Student: 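My structure is below; once you've seen it, I'll send some questions.
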Amino acid sequence: MAGPRVRFAPSPTGYFHVGSARSALFNWFVARHDPEGVFILRIEDTDESRNREEWVDGIVSAMAWLGLDLDEGPFRQSDNAAAHALSITKLLAGGDLYYCDCSTEELVARKGENKTPGYDGFCRERGLERGPTTAIRFKTPREGHTIVHDLIRGDVDFANNTIDDFVVAKSSGVVLYALANVTDDRNDAITQVIRGEEHLSNAPKQMLLWEALNRVSDSPVSLPSYAHLPLLVNEQRKKLSKRKDPVATESYRDQGYLSSAFVNYLALLGWSPRGDEEIVALATMIEQFRLEDVSHSPAFFDVKKMTHMNGEYIRALGVEDFVDACAPWVRPGDCAWRPRDREPPWPAAQFDEVLFTRVAPLVQERVATLGEVPAMVAFFFCEPLSYDEAAFAKTIGEDPLGQALLALGIERLADAPWDAASLHQEVVEIGEALGLNLRKAQAPIRCAVTGTLVGPPLFESLEILGKEKSLRRLREALERVSA
RNA sequence: GGUCCCAUCGUCUAGUGGCCUAGGACAUCACCCUCUCAAGGUGGAGGCACGGGUUCGAAUCCCGUUGGGACUGCCA
């Protein structure tokens, strides 16, 4: 038996929604789980207002970043207009469709007078011909039930009389989502429709359409099975909204989330690997993934948890890989891809790759996202140094002891061997001379050299920064006080 | 309003009638480690929405209630 054929069918918008990313991922899991599975990307762009070339590029590149490789596509729904028109023709001939010239105003006016949900079927038996303002509606059966066999939720029963005669083609001739989607799924021989729960109520309509199409076709196509994934919600438990919630996958990439971590986290939204370990290899997820195990209830997209996981992924990287991964944030000039609005705080010419490679291990275990890296190493490359003024005042500006320590430091460090261990010992002694423990003694030096009170280990940083530059900064800090 | 979906710590989840004194992860608190910040280690607090059944036995099955959500477009 052939493997499953699944498709991810997003409508283009300006960015790649994290919910879409999760849907794409679960479809991809199903395809990759089976050696013969096929993963298809079809962009549903029939709505003219959703048709921009760069939006399609956005989907394709976001999926490439996530590593969701395609077996077929990307296809454009708008390329299938002829097939959609053929579906209309056949269905019309089969008596499943009818023309309707009710205006929106008339519909609204009749609303309330009847109990029929949605459209009241006013034109159903009027035998209208095609005209300039006629939409085409589906003659939904008035009797019976349509049962959606959902792989995740089980059977969901819809009474046909609760489904109205929905529009399948606009008066302009454009075929709408329900039919276009079904037509394409049939032509692409899709075996499993995996999508968000917001589509659950579309499923019976599409099944009805599929069956109607089978009746008027020479070669019937078996219905696909359906799986409706739980929604991704915000803290208010509402569907993730593009206005209020940070839903753009691209922005997470910009912030420095690793695609591997992002994918792992996404997989955990509605699904979980066996055992107690949540951080698992992609191959493990592919092997263990089963739609039947997907949870039924909505999941909150928890950036905090994802950030933690990202930190773990970053720390698990080899240093070489970490350095490479940082490139778009620290030397974007050399990179094919670079994050939006995240220029390093230093001029490109002042960046030193060798030096960065030496500090990288120190930084790697301190960041949760790659976007945090530049700020952490800025003092190596920014000249002049910019200070955290509050920290400067506290440890140097308004602290005579801090100033004394710097003065003594300049004197004694000038002759010290320039390696972390020696510097550590020196500062211990300098502190002792002034009655300060190391915790207190390192603060003014740290602030003078790095501009802040937090950062990579001080003595390693001094070693890497170099004697000349370090001493100069100690002197500059002192001069700053008198100025 | 109508149709449909959902309900285990704050969050994501494990759990498919006895292994549950309900497990893990994030977040949170305490302590340890420590040159700052992290990371790491140890420990703590924290949950089966409620009410009825079924059963020797229910987080697990059934019904109801309550609560949340999606859909209800000549969008997808």
Side-chain angles (χ1 to χ4, degrees), chain A residues 9-13 44-47 49-50 77 100 102-104 107 112 115-119 133-137 148 150 152-153 156-159 161-164 166-174 176-178 180-181 195-204 228 230-231 233 235-239 265 268-279 295-309 311-312 315 362-368 372 376 391 423-424 427-428 431 437-443 445-447 450 452-461:
Chain A
S11 67
T13 53
E44 310 237 318
D45 58 353
T46 51
D47 185 356
S49 62
R50 303 196 186 204
Q77 185 159 71
C100 165
C102 296
S103 67
T104 310
L107 257 24
K115 308 157 233 19
T116 324
Y119 183 65
T133 60
T134 51
I136 304 177
R137 290 182 182 275
V148 179
D150 190 289
I152 295 172
R153 289 153 213 285
V156 183
D157 188 332
F158 292 85
N161 61 14
T162 65
I163 304 171
D164 75 339
F166 54 94
V167 174
V168 294
K170 302 210 260 188
S171 47
S172 67
V174 174
L176 258 15
Y177 168 72
N181 187 266
R195 73 243 284 201
E197 198 203 295
E198 68 268 30
H199 288 291
L200 183 52
S201 48
N202 287 323
H228 291 94
L231 252 23
V233 298
E235 280 158 300
Q236 283 75 240
R237 303 256 109 203
K238 304 256 197 224
K239 186 166 79 162
Y265 178 69
L268 259 27
L269 258 20
W271 179 81
S272 64
R274 285 200 283 274
D276 278 343
E277 195 51 61
E278 291 188 323
I279 294 189
S295 93
H296 301 183
S297 43
F300 170 60
F301 186 80
D302 187 354
V303 179
K304 278 211 182 86
K305 179 161 181 172
M306 180 170 73
T307 302
H308 175 269
M309 285 183 61
E312 293 215 34
R315 275 172 260 127
L362 268 27
V363 174
Q364 185 175 3
E365 53 189 287
R366 287 178 164 71
V367 295
E372 297 166 47
M376 200 160 283
L423 290 165
H424 183 138
V427 175
V428 168
N437 61 22
L438 185 55
R439 183 186 176 83
K440 287 284 192 186
Q442 58 90 34
I445 297 174
R446 179 184 292 279
C447 187
T450 73
T452 87
L453 258 24
V454 299
L458 181 59
F459 308 113
E460 281 84 348
S461 296

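Below, read A as the first sequence line, B as the second, and so on, with proteins coming before strands; counting in each chain starts at 1. What you see is a predicted model; the values in this text were computed from it and never measured.
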Student: Sticking with atom P, work out how far B:rC26 lies from B:rG40, rounded to a whole angstrom.
Tutor: 8 Å

Student: Below the 4.0 Å mark, does B:rA14 have OP1 or OP2 next to a side-chain nitrogen or oxygen of A:S272?
Tutor: yes

Student: Applying a 4.0 Å non-hydrogen cut-off, can you work out what A:R237 is touching in the nucleic acid: base, sugar-phosphate, or nothing?
Tutor: sugar-phosphate

Student: Could you tell me whether A:H199 contacts a base, only the sugar-phosphate backbone, or nothing, with contacts defined as non-hydrogen atoms closer than 4.0 Å?
Tutor: base

Student: Would you say A:K304 reaches B:rA25's phosphate, i.e. side-chain N/O to OP1/OP2 under 4.0 Å?
Tutor: no

Student: Base, sugar-phosphate or nothing for A:F158? Non-hydrogen atoms, less than 4.0 Å.
Tutor: sugar-phosphate

Student: Report yes if at least one side-chain N or O of A:K440 is closer than 4.0 Å to OP1 or OP2 of B:rU36; otherwise report no.
Tutor: no

Student: Using atom P of each nucleotide, how far apart are B:rC32 and B:rA70 to the nearest Å?
Tutor: 47 Å

Student: On a whole-Å scale, what distance lies between the C1' atoms belonging to B:rC4 and B:rU8?
Tutor: 24 Å

Student: Please classify the nucleic acid contact of A:P10 as base, sugar-phosphate, or nothing, using heavy-atom distances under 4.0 Å.
Tutor: nothing

Student: Checking all strands, does A:E198 fall into the base, sugar-phosphate, or nothing category for heavy-atom contacts under 4.0 angstrom?
Tutor: sugar-phosphate

Student: Counting any heavy atom closer than 4.0 Å, what does A:S297 reach on the DNA or RNA strands: base, sugar-phosphate only, or nothing?
Tutor: sugar-phosphate

Student: Does a salt bridge link A:R153 with A:E197, judged by any charged N lying under 4.0 Å from a carboxylate O?
Tutor: yes

Student: Could you tell me the separation between the CZ atom of A:F158 and the CG atom of A:L200, rounded to the nearest 0.5 Å?
Tutor: 4.5 Å

Student: So what does A:E460 touch, heavy atoms closer than 4.0 Å: a base, only the sugar-phosphate, or nothing?
Tutor: base

Student: Considering just the side-chain nitrogens and oxygens of A:T162, establish if one lies under 4.0 Å of OP1 or OP2 belonging to B:rG2.
Tutor: no

Student: Rounded to the nearest Å, what distance is computed from the CG atom of residue A:L176 to the P atom of nucleotide B:rG73?
Tutor: 12 Å

Student: Can you check the distance between B:rG2 and B:rU11, where both ends of the measurement are the C1' atom (answer in whole Å)?
Tutor: 33 Å

Student: Could you grab the distance from atom OG of A:S171 to atom CD1 of A:I136, nearest 0.5 Å is fine?
Tutor: 9.5 Å

Student: Would you say the side-chain atoms of A:D150 pair up with the backbone N or O of A:H228, donor to acceptor, closer than 3.5 Å?
Tutor: yes

Student: Is any side-chain N or O of A:T104 closer than 4.0 Å to OP1 or OP2 of B:rC74?
Tutor: no

Student: Using whole Å, report how far CG of A:L362 lies from P of B:rA38.
Tutor: 16 Å

Student: Give a yes/no answer on whether the side chain of A:K305 brings an N or O atom under 4.0 Å of OP1 or OP2 in B:rU11.
Tutor: no

Student: For B:rC37 versus B:rC31, give the span between their P atoms, rounded off to a whole number of Å.
Tutor: 14 Å

Student: Answer with base, sugar-phosphate or nothing: what part of the nucleic acid does A:L453 contact at a heavy-atom distance below 4.0 Å?
Tutor: base

Student: Test for a donor-acceptor pair under 3.5 Å between the base of B:rC35 and the side chain of A:R439, counting only N and O atoms.
Tutor: no

Student: Between A:R446 and B:rC35, is there a side-chain N or O to OP1/OP2 distance below 4.0 Å?
Tutor: no

Student: What's A:F300 touching, base or sugar-phosphate or nothing? Going by heavy atoms closer than 4.0 Å.
Tutor: sugar-phosphate

Student: Return the CD to CE distance between A:Q364 and A:M376, rounded to the nearest 0.5 Å.
Tutor: 12.5 Å

